[in-house]
Protein chains: 4
Amino acid sequence: MVEEKRDKRELILEAAAVVFAQRGYHQAKVEEIAIQAGIGKGTVYEYFSSKLELFQEMFKSILGKYFAELRSLQDQRGSVTERLRQLLEIHLDFINRNSDFARVTFVDGAVMDEELSWWMYRQRQEKVERLRELFQEGIARHEFRPIDPGLLAEMFTGAMAAIIIPVLMEGKTVEPHKIADQVMDILLHGVRLD
Amino acid sequence: MVEEKRDKRELILEAAAVVFAQRGYHQAKVEEIAIQAGIGKGTVYEYFSSKLELFQEMFKSILGKYFAELRSLQDQRGSVTERLRQLLEIHLDFINRNSDFARVTFVDGAVMDEELSWWMYRQRQEKVERLRELFQEGIARHEFRPIDPGLLAEMFTGAMAAIIIPVLMEGKTVEPHKIADQVMDILLHGVRLD
Amino acid sequence: MVEEKRDKRELILEAAAVVFAQRGYHQAKVEEIAIQAGIGKGTVYEYFSSKLELFQEMFKSILGKYFAELRSLQDQRGSVTERLRQLLEIHLDFINRNSDFARVTFVDGAVMDEELSWWMYRQRQEKVERLRELFQEGIARHEFRPIDPGLLAEMFTGAMAAIIIPVLMEGKTVEPHKIADQVMDILLHGVRLD
Amino acid sequence: MVEEKRDKRELILEAAAVVFAQRGYHQAKVEEIAIQAGIGKGTVYEYFSSKLELFQEMFKSILGKYFAELRSLQDQRGSVTERLRQLLEIHLDFINRNSDFARVTFVDGAVMDEELSWWMYRQRQEKVERLRELFQEGIARHEFRPIDPGLLAEMFTGAMAAIIIPVLMEGKTVEPHKIADQVMDILLHGVRLD
DNA sequence: GATGAATGAGCGTTCATTCAT
DNA sequence: TATGAATGAACGCTCATTCAT
């Protein structure tokens, strides 16, 4: 029973991700999510108290999966450089595998409601904070120059988000390994020719 | 008459920018924009055929001002590096001066309607394309290493957008000159300590 | 303009009275009230912020008319007995002329929402209080025996309400003068044969 | 089995009385009644075909208990005056003991659905009819003056209902014996001082 | 042109009822 | 028999848009 309930909740979350990704929060109709999930409209409200809560739960659900994939990094004790590269690869690979879901989740700074945009901003800042710590560690370990780690984290977050936008909008795919190499090359050595 | 009409049109665009920035596209009510502009609700529809068109016109209007400020760069014949630095400064300064407006305009990849998100994506891609050309020129001029200029343009766009998010969300201000220096330093030389 | 607006508000109040009387609060649909008023559904909300407010305003509106008719009594300086008789006549006459409206208004103690039933109870208590004062005056003037005026007011209110129930439910009409005489006879002299 | 079913049916009726009394017919949710009864929501429909039927059955059930208490009167052969006084006492005592239940049941003329209000009106008329017969008997026995017994019954019913409204709404209690004395005094002798 | 009263399509949410287990 | 997850009809309310003045 608990098993089944969990499944249906999951089912709705997945349907919500598809529809929210396709239509955006406001254009998405609860009924369409229900249809996408193959259930009745009222059933959605058995599992979520409102459309907003459904959106946030879906968001957190995907973010949770994303962070779960990244967590392997946290454990390992390689260099910060290596961990950043792997973080990039996992990030890009996750997007490739979850582009529908990611469209709602990873696109920064959604211009939505005041309420939603603040809520999403907070979610985003958590990601930024983790990166900031990573950069700080890199500086402490003398892998990186002493550059403002907060600025680095913001820029890196923005760059990661930007790279996937064409993926999400035009259905392009990226080669995680190749792109990660290029990005890390730019990050580490800069663009100047000398 | 034409003069007056142009003025009132401008008035509505400015009111729209304020309200859209504050509330987001869907939460913004046409009536509130009219009140903000100090005119009647129906008058909005004398100048714009729909809320969507109003949003897009406002968007293009601000983007136009933004590009107008950047245009001085295009004319000058300094190094690409120098032009990038100035572009950054102008960008950050513009945001400082127009944070309300910018909130709607520069935040990338708004998750909105399908219609709106595609339209905004296309606007965004124009910016990216200009940057791509700039990076390409930098490579051709042997200022930069031969790195995929499309990727660079995307990353740079993302980084520029990311830097201003805290500005927009939390009302922080940035020092354009200082930040531009830091960003260019990172862009040119990378983060690696050697 | 003010004239016209007042008219439309009145129009809606009258339509609301008809529909609320026919269907009861919960069965009454806002749309049906709009149709009854010959206007669009949205227009109702131009004048009233919610269905509940519309109900309460209609209620107060009719109660206001009712009290306005009774006010003539307050001014006059006849005996309390005479004033009670006239109050009864006016009450019954008002019901005859406004049975549709009265159905919602004068039926005591509607079992509705908690919120509504309390609100209506408070309205009712105002009527009871006025009667209590009248009985008290009657006692002070030595027209009446020293009986608990609160109890008298409650009983008299209940009796007045009860008399009109068949009028409202079955469309019977009453002869105000005749009924008022009978009721006053009972009230003054009681039923005991001696 | 029949025994058990009867018990559970009774259980639901009692739960329904509590919830209907607290919330009113429309605000009362079937699920809440089920919870109050400590059973599953579906089980309610094993015993009652609809919410409406449940309400009516509950209503009749309490009315039945009420009438059962009054029936002792019918059998006895005291004076009509004495029987009326006892009827009042029993009525008031019943309300004191069942105020929750009574709130839905005895408050006259509920403005509810068309269907419900007619149905309740008919229930009410049965009570009125019995009182009418009692008054008629009183007149025949020369205890009372020859006053329209229908009018008397209506008024008495209304007065009885009115007295308990503050009890139901504000949780006040009444002293049946004392109030019955007062009411009978007023009924028999009227209020006139002479 | 300018207005704002009027409109009604559209949608989130509720809850009585059903039915598979 | 008992259950409660599932359902969808129903409805209050919003707000972009229209149009008579």
Side-chain angles (χ1 to χ4, degrees), chain A residues 1 4-5 8-9 12 26-35 37-54, chain B residues 1-2 4-5 8-9 12 25-35 37-55, chain C residues 1 4-5 8-9 12 26-35 37-54, chain D residues 1 4-5 8 12 25-35 37-55:
Chain A
M1 198 86 89
E4 227 176 20
K5 201 166 178 179
K8 185 153 287 181
R9 194 189 141 91
I12 296 170
H26 285 97
Q27 298 286 326
K29 300 174 211 169
V30 172
E31 188 167 24
E32 195 184 353
I33 293 170
I35 290 169
I39 59 171
K41 191 181 3 173
T43 308
V44 173
Y45 288 88
E46 293 285 324
Y47 294 88
F48 303 94
S49 66
S50 69
K51 184 186 177 183
L52 180 59
E53 202 213 55
L54 172 56
Chain B
M1 197 88 88
V2 175
E4 217 178 27
K5 199 167 177 180
K8 189 158 284 186
R9 194 187 140 89
I12 296 170
Y25 179 74
H26 284 98
Q27 299 285 322
K29 299 176 202 171
V30 173
E31 186 167 25
E32 196 183 353
I33 292 170
I35 291 168
I39 60 170
K41 194 182 359 174
T43 309
V44 173
Y45 287 86
E46 294 289 326
Y47 294 88
F48 304 94
S49 66
S50 69
K51 183 186 180 184
L52 180 58
E53 204 213 50
L54 172 56
F55 178 83
Chain C
M1 198 87 87
E4 226 177 21
K5 200 165 177 179
K8 186 153 288 180
R9 194 188 141 90
I12 296 169
H26 284 96
Q27 299 285 323
K29 300 174 211 170
V30 173
E31 187 167 23
E32 194 183 354
I33 293 171
I35 290 168
I39 59 171
K41 192 189 350 180
T43 308
V44 173
Y45 289 89
E46 293 285 324
Y47 294 88
F48 304 94
S49 66
S50 68
K51 184 186 179 182
L52 180 59
E53 203 213 54
L54 172 57
Chain D
M1 196 90 85
E4 217 177 28
K5 198 165 176 179
K8 189 159 285 186
I12 296 170
Y25 179 73
H26 284 97
Q27 300 284 322
K29 300 175 203 171
V30 173
E31 186 167 25
E32 196 182 352
I33 292 170
I35 290 168
I39 59 168
K41 192 179 6 171
T43 309
V44 173
Y45 287 87
E46 294 289 326
Y47 294 88
F48 304 94
S49 67
S50 69
K51 182 186 179 183
L52 180 59
E53 203 213 53
L54 172 56
F55 178 84

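A note on names: the letters A, B, ... follow the listed sequences, proteins ahead of strands, and every chain is numbered from 1. Because only heavy atoms are used, hydrogens play no part in the values below, and waters and symmetry mates are left out as well, while side chains stay in.
In this structure, D:Lys8 does not reach the F:dT1 phosphate: none of its side-chain N or O atoms is under 4.0 Å from OP1 or OP2.
Taking atom CD1 on C:Ile35 and atom C1' on E:dA6, their separation rounds to 16 Å, with Å as the unit. Rounded to an integer number of Å, the gap from A:Ile39 CD1 to F:dA5 P is 14 Å. In this structure, D:Ile33 places its CD1 atom 16 Å from C1' of F:dG4, rounding to the nearest Å. E:dC11 atom P lies 16 Å from atom CG of A:Leu54, rounded to whole Å. F:dA6 atom C1' lies 15 Å from atom CZ of A:Phe48, rounded to whole Å. Regarding B:Glu32, its CD atom lies at a distance of 17 Å from the C1' atom of E:dG4, rounded to whole Å.
Under the 30°/60° scheme for interplanar angles, the aromatic rings of C:His26 and D:His26 are found to lie parallel.
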- Using Watson-Crick and G-U wobble pairs with both distances under 3.5 Å, what is the 5'-to-3' dot-bracket string of DNA chain F, with [ ] for crossing pairs and | for pairs outside the strand? .||||||||||||||||||||
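Evaluation of the side-chain contact (heavy atoms from CB on, under 4.5 Å) rule for A:Ser50 yields A:Leu52, A:Glu53 as partners, not counting sequence neighbours. Every side-chain contact (heavy atoms from CB on, under 4.5 Å) that B:Glu31 has, sequence neighbours left out, goes to B:Ile35, B:Lys41.
In this structure, CZ on A:Arg9 lies 14.5 Å from OG1 on A:Thr43, to the nearest 0.5 angstrom. The CD1 atom of B:Ile12 lies 3.5 Å from the CD1 atom of B:Ile39; values are rounded to the nearest 0.5 Å.
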- Query: For every nucleotide of nucleotides 16-21 of chain F, 5' to 3': is a protein heavy atom under 4.0 Å from its base (B), only from its sugar-phosphate (S), or from neither (-)?
  - Reply: SBB---
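In this structure, C:Gly40 and B:Val44 both approach DNA chain E, and ranking their closest nucleotides by distance from the 5' end singles out B:Val44.
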